[in-house]
Amino acid sequence: MSVVVVSSCSSPTDDWRFEGQEVTDVDTSLESLTGRYRDFVADLDFPSAVPPEAGCFVQVVADSAVQDVVLCGPMRFAGDEEDVWLGMPVALAPGDGGSFVLDAADDAQFADAEPTTGAKLLDGEGSPAATDVEIATPASPRADVGEAVPLPTEGGEDTQEPVIVEVPDATYSIADAAATDHVGQGRGRVDAPEGGALLSVGVDRSARSDAPNGETSTATLYVDDEEVEIPEDGTATAVAGAPSSARLVVEYDGAEQVVRLAEPAEVQGVGYVDEHWQPVNDPQDERIGDEGKGAFVEYDYDVIAHASTWDEDRSWVDDGKVRLDVDVSFDAELAYRESGNGSLDYDEVAYDVQEMKVVAGGDEVPVDVDDLEVVPRPDGDYSTKSNVVRVSVEVDDTVDEISVEARVSADGRYERSDLTSYQRGQLTREPSKITGELELAETVVRARQP
């Protein structure tokens, strides 16, 4: 702010005019306004610095024309980077003996004001106001512990993208998380309690439609391991603890995911993963033998996987891991054909897993084939073929694809008593059993892209 500083006015103050009228006792009027100005600033209950030299001064243009706003100052409020002046609109009031004096205009209030261009800032005796006073900006007000401080609604601080936390029963959107030593800028700045912090965080919880029964997630805010209430929207809560200790904890089934308010971009803990993986290269149909003559085995494979970090039976995996349930499934036909119309399907088939190889991140994952068995596809589940081998492995959560190879032996038999009379007449050389090795070539399975 620039103020014109002049030497003592050469014209006597009794030549000053306000709206064409002579004004008297200007020094008395300014003394009264200065008292009101100091009372006004004191009653604001906001940190301010008013030096002894501060007071109220008229603005005079062309050595005699008194302007309609008196300036009071210089001073500073908390947050001001430069000296400021408060203005008070004035009007003529009756004085002694038919004269006129200056007084505050009706309903006028002190407010920030700039000097009129070209005006001289003078006291009641025509001397210039002191404008070169050194004024230290006072400290911003501190919030009390537990106080809810309104957050700025416009400009200033940058907004963040919400942090998403997934758990089996809900999705949490964590917005505008912060633990700071102040909020706001300039005169709107509010500092945290001494040694404490101002916490702000918005928590929006959306329940999952497929949420399991029996568990309910919670979101709790802690400071120095003490629970505090989550701030209301648009406010920051003043706390006594250090900003670095503020953390929002989302808990489900004994596992925690943590968002630290001082660094909200990262989520610590076991994240919830629930995604389906699919093959990149589909396995080819294979046949052992000639379908048109003699014994043969025909089969085709499919491989899918489900990646997760939690389920109801096994709870959570370790941090940094993901559980893959790989379903290697196949359809197989074991049959015999003789010349003519003789044919026989070997429906009683015993399967045995001979080999199962899973490679993740370039490393083979240990699989004990003795623990694997071929089971019928569950009723109503059409995501796999009719015979299923499930392999459960844990891999690093950075893995986004695996390769699978498998070999399953098949031993098919039939009961002659089940043959029809027609089949008995057509078949003469059928074997008592048919065996084969069902080979699954390397199949790559990858996380499904969104």
Side-chain angles (χ1 to χ4, degrees), residues 1-5 30-59 69-90 104 108-116 121-123 127-158 178-200 223 231 234-244 246 262:
M1 176 185 297
S2 60
V3 177
V4 177
V5 181
L30 291 179
E31 183 178 349
S32 174
L33 290 171
T34 296
R36 291 179 61 175
Y37 155 69
R38 290 183 175 275
D39 290 343
F40 170 79
V41 173
D43 291 343
L44 288 177
D45 194 25
F46 188 80
S48 60
V50 180
E53 298 89 343
C56 293
F57 303 88
V58 290
Q59 300 182 88
V69 174
V70 166
L71 293 186
C72 304
M75 63 166 297
R76 290 191 184 190
F77 289 109
D80 289 337
E81 297 181 357
E82 297 180 348
D83 295 351
V84 296
W85 296 78
L86 300 186
M88 168 62 79
V90 291
Q109 299 290 334
F110 286 104
D112 285 11
E114 296 285 344
T116 300
L121 204 55
L122 305 174
D123 65 13
S127 298
T131 59
D132 57 354
V133 181
E134 290 190 9
I135 307 174
T137 299
S140 296
R142 289 191 181 277
D144 296 326
V145 172
E147 181 180 350
V149 179
L151 294 172
T153 56
E154 296 180 354
E157 291 136 29
D158 297 333
T180 61
D181 60 1
H182 76 280
V183 297
Q185 301 293 335
R187 294 184 189 176
R189 172 171 171 151
V190 177
D191 287 342
E194 187 73 36
L198 288 165
L199 310 182
S200 59
V223 179
T235 68
T237 297
V239 298
S244 59

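For the pair V183 and P150, the tightest heavy-atom approach, listed with the atom from each and the gap, is CG2-O, 4.5 Å. Of all heavy-atom pairs spanning S48 and V41, the tightest one is OG-CG1, 3.2 Å. Closest approach of H182 and D191 over heavy atoms only: CB-OD1, 3.3 Å. Among all heavy-atom pairs drawn from V69 and G87, the shortest one is CG1-CA, 3.9 Å. A pairwise comparison of heavy atoms in L121 and W85 identifies CD2-CH2, 3.5 Å as the closest pair. V133 and D83 make their closest contact through O-OD2, 3.8 Å (heavy atoms, listed as atom of the first residue, atom of the second, distance).
Using modelled atom types, one side-chain atom of T137 and one backbone atom of D80 make a donor-acceptor pair closer than 3.5 Å. When atom types are taken as modelled, the side chain of E53 and the backbone of A130 share no donor-acceptor pair closer than 3.5 angstrom. Between the side chain of R36 and the main chain of F110, no donor-acceptor pair closer than 3.5 Å is present. Judged by distance alone, the side chain of R142 and the main-chain N or O of A192 form a donor-acceptor pair under 3.5 Å.
Distance check, rounded to the nearest 0.5 Å: CZ of R38 to CG of L33 gives 13.0 Å. Remark: I135 CD1 to R76 CZ distance equals 6.5 Å, nearest 0.5 Å. Rounding to the nearest 0.5 angstrom, the gap separating the CG atom in L151 from the OG1 atom in T235 is 6.0 Å.
For D45, the CG atom is loosely surrounded, since the number of other residues' heavy atoms within 6.0 Å does not exceed 12.
By the side chain to side chain contact (heavy atoms under 4.5 Å, CB included) test, V223 pairs with L199, V228, V239, S245, A246, sequence neighbours left out. In terms of the side-chain hydrogen bond (donor to acceptor under 3.5 Å, both in side chains) criterion, S244 has no residue partners (sequence neighbours excluded). Residues satisfying the side chain to side chain contact (heavy atoms under 4.5 Å, CB included) test with F46, not counting sequence neighbours, are L44, F77, A78, P141, R187.
Just one residue in the list L86, T34, V90 forms a side chain to side chain contact (heavy atoms under 4.5 Å, CB included) with C56, and that residue is T34.
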Notebook entry, point to check: Given the rule in the side chain to side chain contact (heavy atoms under 4.5 Å, CB included) test, do F57 and D123 qualify, once you have shown the distances and angles that lead to the verdict?
Noted result: CA-CA 5 Å; F57 303 88; D123 65 13; 3.9 Å; yes
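In this structure the side chain of Y37 never reaches within 4.5 angstrom of the side chain of V70, judged on heavy atoms.
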